[in-house]
Protein chains: 2
Amino acid sequence: MSEHLIRKLGQFTTLSDSDRDAILAACGGKRRRIDPREDIIREGENPTHVNLILDGWACRYKQLRDGRRQIISFLLPGDLCDTHVYVLREMDHSIGALTPVTFAEISRETLNRITAEHPRITHALEWDALVTAAIQREWTVNLGRRIAAERLGHLLCEIFIRLRGVGLTEGHSYILPVTQADLGNAMGLSSVHINRTLQELRGCGLIVLKGRQLTIPNLAALQTASLFNPNYLHLGRGGR
Amino acid sequence: MSEHLIRKLGQFTTLSDSDRDAILAACGGKRRRIDPREDIIREGENPTHVNLILDGWACRYKQLRDGRRQIISFLLPGDLCDTHVYVLREMDHSIGALTPVTFAEISRETLNRITAEHPRITHALEWDALVTAAIQREWTVNLGRRIAAERLGHLLCEIFIRLRGVGLTEGHSYILPVTQADLGNAMGLSSVHINRTLQELRGCGLIVLKGRQLTIPNLAALQTASLFNPNYLHLGRGGR
DNA sequence: CGGTCAGTTGAGAACTTTCAACATGGGTGG
DNA sequence: CCACCCATGTTGAAAGTTCTCAACTGACCG
């Protein structure tokens, strides 16, 4: 199950068998499973360990007093919830499940041990943290300066590449297991407008959506239409 | 000049004289000064050292092919450009000056030395990095789910608290040295709409703007109107 | 004094939201 | 097995927000 993380980090550096075993062992600990709409951790709570998504989609989100909800980022299989949270006293946002989610709880001690004994993993985790920050910055651009169709197209490109990195795409397709309302909460749009924007993208032939299966027949075309530049995902194998 | 950084970190932990001296020494190296609209570093370039803003306002920004520009974050005196950039091969965004800016270039070696010898600084820098990430997340919420007046009000609250943390406020006021166009590029709004929104905030008595001096007569009122919750700035002195 | 930049204003256009109704499909209880 | 329920997706139309364009003002500078 934690092969997703191994595979993700493998995009940046070459992990040894010992590195791989260490990751597998770290994920062997406590494991939890929750239903959609349940929270992994809530704003205001004190984080005690680092969570690794093993299966399903979760999200960071914030809810305003009057009920408006914004999804801040998607957490896909292989994603870690920041490795340094315990420096802070309390969460400033919540993490919730969008689908049934299985995740592992990794203790601070386990993480420290890995960091001490596996410099390559440490380095890869630094890369992962920087990419995560870059994704958040790109979302700022997305929400600030792209119109609905570009914005949604951009997200679909980003998710395709992220899922491909952990082996969860099939050809040009992947499973998009979230509702249109979720997409709206992530893109700062209403669910009605998401619906119409999806139709627009379908109408242009940029995507094919059958139930929950999304196909991007021509990734380059969708990227161009969405002003998507993958440089921020830093897939160039900087490591080693 | 680098007292701003010392003061900022002092919000989180108590630095020793030796810690303070180490920071001052680190900033004693190469120092550069640039004019507004010039870049400190450009997208695609290879970052070789960490920059510390000593004076003036800079910003991270991205420009789309068709010229649309989004400011991703403001860099204020005392702000460091991420301490781990050198893990990546190239910048995925640019950093540019909004006013005349003085900054120090801190080499990777210097930073490593500080990290090795001053655990309290290291810890405080971790806190600073987490707060920076939290700010970026909050901007996602801001752009996604707040209307113009709330959005701008939220930014003005955030900047007030950040500037106060480095000693750059005077009573209820601070200098807002950027143009309305800059504010628009940061908030995902047109400069025309920024202008009207500022008038709206002034009309409600939430802000007073005389030239470049901004006064927030009643911070709590502006916070309430903007749905601003300062928890994400993590000022609770978690450290020690 | 002319030029440039930042700020201001008005009006129409474009984009997005809201509301309300309806369609579809899977799951549950009778 | 069917009826019903509920969540999700779809559609239309009006309302609201924000943008664009274009003109104009004021301040500063050479």
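Please read these numbers as outputs of a predicted model, since none were measured by experiment. Note on naming: letters A, B, ... go to the chains in the order of the sequence lines (proteins, then strands), and numbering restarts at 1 for each one.
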Exercise. Produce a footprint string for nucleotides 13-23 of chain D: one letter per nucleotide, 5' end first; B if the base is under 4.0 Å from any protein heavy atom, S if only the sugar-phosphate is, - if neither.
Key: B----SBBB--
Exercise. Can you measure from OG1 (Thr83(A)) to CG (Asn51(A)) and round to the nearest 0.5 angstrom?
Key: 12.0 Å
Quiz prompt | Residues, nucleotides or ligands: over 12 heavy atoms within 6.0 Å of Gln213(B) CD | solution = yes
Quiz prompt | Separation of Leu80(A) CG from Leu5(A) CG (nearest 0.5 Å) | solution = 5.5 Å
Self-check item: Contacting residues from residues 198-215 of chain B, given that a heavy atom lies under 4.0 angstrom of DNA chain C
Solution: Gln199(B), Arg202(B), Arg212(B)
Self-check item: Approximate separation, where rounding is to 0.5 Å, of Lys8(A) NZ and Ile23(A) CD1
Solution: 10.5 Å
Quiz item: If we ignore angles and hydrogens, is there a donor and acceptor under 3.5 Å between the side chains of Glu138(A) and Asn142(A)?
Solution: no
Quiz item: Do NZ/NE/NH1/NH2 and the carboxylate oxygens of Glu105(B) and Arg32(B) come within less than 4.0 Å?
Solution: yes
Quiz item: Can Gln136(B) and Thr140(A) be counted as having a side-chain donor-acceptor contact under 3.5 angstrom?
Solution: yes
Please list, pair by pair, any protein nitrogen or oxygen found under 3.5 Å from a nitrogen or oxygen in nucleotides 26-30 of chain D.
none

Quiz item: Can you tell me how far the CG atom of Leu98(A) sits from the OH atom of Tyr61(A), to the nearest 0.5 Å?
Solution: 9.5 Å
Exercise. Round to a whole Å and report the spacing from CG of Asp182(A) to C1' of dA7(D).
Key: 12 Å
Quiz prompt | Separation between OG1 of Thr132(A) and CZ of Arg137(A), rounded to the nearest 0.5 Å | solution = 10.5 Å
Quiz prompt | CG-OG1 distance between Asp55(B) and Thr99(B), expressed to the nearest 0.5 angstrom | solution = 7.0 Å
Quiz prompt | Minimum side-chain heavy-atom gap Phe160(B)-Leu214(B) below 4.5 Å | solution = no
Quiz item: How far does the helix from dC1(C)-dG30(D) to dG30(C)-dC1(D) bend, going by the axes of its first and last five pairs, to the nearest 10°?
Solution: 30°
Quiz item: Would you say a side-chain N or O of Asn195(A) is under 4.0 Å from OP1 or OP2 of dT10(D)?
Solution: yes
Exercise. Just say parallel, tilted or perpendicular for the rings of Phe74(A) and Trp139(A), cut-offs at 30° and 60°.
Key: perpendicular
Exercise. Identify the 5'-most and 3'-most nucleotides of DNA chain C with at least one atom closer than 4.0 Å to a non-hydrogen atom of chain B.
Key: dA6(C) to dA11(C)
Quiz item: Going by atom types alone, do Arg42(A) and Ser94(A) pair a side-chain donor with an acceptor below 3.5 Å?
Solution: no
Quiz prompt | side-chain hydrogen bond (donor to acceptor under 3.5 Å, both in side chains) partners for Glu38(A), two or more places apart | solution = none
Quiz item: Within a radius of less than 6.0 Å around CZ of Arg202(B), do more than 12 heavy atoms belonging to other residues, nucleotides or ligands occur?
Solution: yes
